[in-house]
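Here the structure is laid out as structure tokens; the discussion comes afterwards.
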Amino acid sequence: EVKQRGRDSFQMFMPGMENKTKERVSLEAQLRLAMAQGELSLCYQPQIDLQRGRMIGVEALLRWQHPALGYISPVTFIPIAEETGLIIQIGEWVLREAIQQHIHWIEQGLPSLRMAINISAVQFQHDGFLPLIKQIIEESHVDPTYLELELTESVVMIHAERAIEKLTALRVLGLKLAIDDFGTGYSSLNYLRKFPIDRIKIDQSFVRGIKNTPANEAIVKAIIALGESLGLETLAEGVENIEELECISSHHCMEAQGYHFAKALKADDLVAWFHANSDRH
Ligand code: C2E
Ligand code: MG
Ligand code: MG
Ligand code: MG
């Protein structure tokens with residue numbers, strides 16, 4: 001199959017290529033093949049409960065290893081998947097795969113870990129989304145209270161009334177909801193109050209170098225206080241070092257995620273990481 005795509009791949013990266021559309025079309029074709037040929041996989045990044053100092057959940061992150069082109073970031077291919085509608089298929093695969101993994105870990109004797117799954121705006125707005133979630137829960141017998149859907153601010157702000165209905169229905173099913181990259185979108189505090197959500201994930205751009213950036217520290221502190229007063233849990237994304245960890249902890253952030261603890265790991269490596277790190281407690 002590598003041979004088959006060779007041509008497309010060269011076209012895509014030909015130096016000086018001016019036709020952006022062609023590049024897109026090619027990557028779209030590659031992405032369709034990737035689905036069919038099992039090039040997509042999930043990695044899992046630990047989420048740490050800061051008070052207990054232990055892993056409480058993981059975030060599933062999509063990986064695409066192309067046989068000829070190597071690693072392609074979700075930042076590159078998710079927008080293409082959204083524009084072409086492929087995200088519906090990919091998103092369904094992600095949901096099923098992450099839930100199977102959650103169930104498999106329990107069978108392996110791990111404590112039940114929250115499984116956080118990123119949901120694209122296009123996927124969330126699709127009419128089939130809620131029925132799909134119901135169907136997967138029924139078929140897999142997963143305990144939905146361990147599933148958390150990550151949505152961005154823009155997803156919930158667009159068609160806010162309709163979004164609130166959908167979010168409410170998801171929560172009635174037992175799922176948890178998180179706002180991803182909080183602080184980077186355009187958020188109305190009024191809507192935040194109305195949205196039936198459980199957690200805000202503080203965007204990593206505010207966490208970076210927080211100790212030496214008073215403005216960032218002020219923003220993070222404000223978000224945590226806002227979360228507290230609205231009864232929402234807070235998680236800091238992208239914690240890379242002990243200084244950042246100490247700073248967010250001093251402001252009573254509840255959870256954290258980032259390279260300081262672990263990057264996104266393959267399922268087996270996550271299990272090894274869990275065993276290596278649970279000794280400490
Ligand atoms: P996100 O959901 O905000 O995920 C966090 C991103 O930050 C991940 O990048 C993660 O690997 C990275 N990260 C985690 N800790 C650190 C850290 O300490 N420092 C730095 N510099 N980065 C850190 P990744 O895996 O490349 O994913 C990028 C984005 O792609 C995600 O942002 C999410 O928006 C999207 N994405 C990934 N997987 C999926 C998926 O299954 N479905 C959808 N719809 N989008 C996905
Ligand atoms: Mg996320
Ligand atoms: Mg994020
Ligand atoms: Mg993001």
Side-chain angles (χ1 to χ4, degrees), residues 31 34-35 39-48 55 57-65 70-102 114-126 129 132-133 147-156 176-185 187 197-210 216 220 223 234-245 247-248 253 255-266 269-270 273:
L31 195 49
M35 280 288 293
E39 290 162 23
L40 299 182
S41 64
L42 291 179
C43 280
Y44 304 91
Q45 187 177 36
Q47 297 182 324
I48 312 298
M55 173 162 60
V58 295
E59 176 178 5
L61 292 160
L62 198 48
R63 297 291 174 256
W64 179 13
Q65 190 67 37
Y71 176 71
I72 302 173
S73 165
V75 177
T76 305
F77 71 82
I78 292 282
I80 294 170
E82 287 175 330
E83 280 172 32
T84 57
L86 264 178
I87 193 69
I88 301 300
Q89 238 180 302
I90 293 175
E92 175 171 349
W93 179 84
V94 168
L95 278 163
R96 292 187 186 278
E97 179 75 11
I99 289 169
Q100 279 318 308
Q101 187 60 65
H102 168 84
R114 184 175 71 220
M115 177 62 78
I117 301 170
N118 291 286
I119 303 296
S120 141
V122 178
Q123 195 184 358
F124 180 74
Q125 277 149 19
H126 188 249
F129 184 64
L132 175 69
I133 295 284
L147 302 180
E148 182 163 285
L149 305 184
E150 295 194 2
L151 302 147
T152 55
E153 286 163 278
S154 56
V155 175
V156 281
K176 302 282 193 300
L177 302 171
I179 301 287
D180 203 355
D181 306 338
F182 187 81
T184 60
S187 42
I197 55 168
D198 300 278
R199 189 183 326 280
I200 40 191
K201 297 189 74 179
I202 305 167
D203 190 69
Q204 49 180 289
S205 59
F206 302 117
V207 176
R208 192 73 53 251
I210 186 173
N216 279 4
V220 168
I223 294 175
T234 45
L235 181 150
E237 292 194 90
V239 174
E240 290 188 351
N241 54 54
I242 188 79
E243 287 78 25
E244 290 166 358
L245 173 60
C247 192
I248 58 152
C253 189
E255 293 184 18
Q257 194 182 331
Y259 297 165
H260 175 66
F261 305 101
K263 63 181 174 67
L265 302 166
K266 288 183 180 156
D269 295 337
L270 190 282
W273 189 91

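Counting starts at 1 for both ligands and their atoms, in listed order.
Heavy atoms of Glu59 approach ligand 1 to within less than 4.0 angstrom.
In this comparison of Trp93, Tyr259, Trp64, the heavy atom closest to atom 17 (C) of ligand 1 sits on Tyr259. If you check each of Lys201, Glu237, Glu150, His260 against atom 5 (C) of ligand 1, the one with the closest non-hydrogen atom is Glu237.
Between the side chains of Gln257 and Gln47, at least one donor-acceptor pair of N or O atoms lies under 3.5 Å. Judged by distance alone, the side chains of Gln204 and Arg208 do bring a donor and an acceptor atom under 3.5 Å apart.
Heavy-atom minimum distance, Arg63 versus Cys43: CG-SG, 3.8 Å. Across every non-hydrogen atom of Asn216 and Phe206, the tightest pair is CB-O, 3.2 Å.
Computed with the Mg ion (ligand 2) at the centre, the Asn118 OD1 to Glu59 OE2 angle is 90°, stated to 10 degrees.
Using a 4.0 Å cut-off between heavy atoms, Glu244 makes no contact with ligand 1 at all. No part of Lys263 comes within 4.0 Å of ligand 1, judged by heavy-atom distances. With a heavy-atom cut-off of 4.0 Å, Arg63 touches ligand 1 through its side chain alone. At a heavy-atom distance under 4.0 Å, atoms from both the backbone and the side chain of Ser120 approach ligand 1. If you look at Ile90 next to ligand 1, there are no close heavy atoms at all, none under 4.0 Å. Contact annotation: for Val94 versus ligand 1, heavy atoms closer than 4.0 Å belong to the side chain alone.
Residue Asn118 has at least one N or O atom closer than 3.5 Å to an N or O atom of ligand 1. Where the criterion is an N or O separation shorter than 3.5 Å, residue side chain and backbone included, Gln257 fails it with respect to ligand 1. Looking at ligand 1, you'll find an N or O of Glu240 within less than 3.5 Å of one of its N or O atoms. Taking any N or O of Gln123, backbone or side chain, none lies under 3.5 Å from an N or O belonging to ligand 1. Considering both main-chain and side-chain atoms, Tyr71 never comes within under 3.5 Å of ligand 1 through any nitrogen or oxygen pair. For ligand 1, the polar-atom distance check finds no N/O of Leu42 at less than 3.5 Å from any of the ligand's N/O atoms.
To the nearest 0.5 Å, atoms CG (Asp203) and OG1 (Thr184) are separated by 4.5 Å. We find the CG-CD1 distance between Asp198 and Ile179 to be 10.0 Å, quoted to the nearest 0.5 Å. If you take OH on Tyr44 and CG on Leu265, they are separated by 11.5 Å, rounding to the nearest 0.5 Å.
Close approach of ligand 1 to Gln204 is summarised as follows: ligand atoms under 4.0 Å from at least one heavy atom of the residue are 6 (C), 7 (O), 12 (C), 13 (N), 19 (N), 20 (C), 21 (N), 22 (N), 23 (C). Within ligand 1, the atoms closer than 4.0 Å to a non-hydrogen atom of Gly258 are 15 (N), 18 (O), numbered from 1 in the order shown. With ligand atoms numbered from 1 in the order given, ligand 1 contributes 28 (C) to contacts under 4.0 Å with heavy atoms of Val75. Annotation for ligand 1: atoms under 4.0 Å from non-hydrogen atoms of Asp180 are 1 (P), 2 (O), 3 (O). Short contacts between ligand 1 and Gln45, defined as distances under 4.0 Å to a heavy atom of the residue, involve ligand atoms 14 (C), 15 (N). Atoms of ligand 1 lying under 4.0 Å from at least one heavy atom of Asp181, given by number and element, are 3 (O).
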Practice task
Begin with the C-alpha distance, continue with both residues' side-chain angles, and end with the deciding distance and a verdict on side chain to side chain contact (heavy atoms under 4.5 Å, CB included) for Val58 and Met115.
Solution key: CA-CA 5 Å; Val58 295; Met115 177 62 78; 3.7 Å; yes
Practice task
Would you please test Leu42 and Leu62 for side chain to side chain contact (heavy atoms under 4.5 Å, CB included) and show each step?
Solution key: CA-CA 5 Å; Leu42 291 179; Leu62 198 48; 3.7 Å; yes
Practice task
Just do the side chain to side chain contact (heavy atoms under 4.5 Å, CB included) check on Leu95 and Phe129 with the steps written out, would you?
Solution key: CA-CA 11 Å; Leu95 278 163; Phe129 184 64; 4.3 Å; yes
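Counting backbone and side-chain atoms alike, Glu150 contributes an N/O/S atom closer than 2.8 Å to the Mg ion (ligand 2). Distances from the Mg ion (ligand 2) show that Asp180 has an N/O/S atom below 2.8 Å.
With sequence neighbours left out, Glu153 forms a salt bridge (Lys or Arg N to Asp or Glu O under 4.0 Å) with no residue at all. Partners of Phe77 by ring pair (Phe, Tyr, Trp, His ring centres under 6.0 Å), not counting sequence neighbours, listed by chain and number: Trp64.
Test Glu82, Gln123, Met35 against Ile90 for side-chain contact (heavy atoms from CB on, under 4.5 Å) and you get one pass: Met35. Here the rule is side chain to side chain donor-acceptor pair (under 3.5 Å) with Lys201, and of Glu59, Glu255, Glu148 only Glu59 fits it.
For Asp181, the N, O or S atom with the smallest separation from the Mg ion (ligand 3) is OD1.
Of the possible donor and acceptor atoms, none in the side chain of Glu243 sits under 3.5 Å from a partner among the backbone N and O of Gly209.
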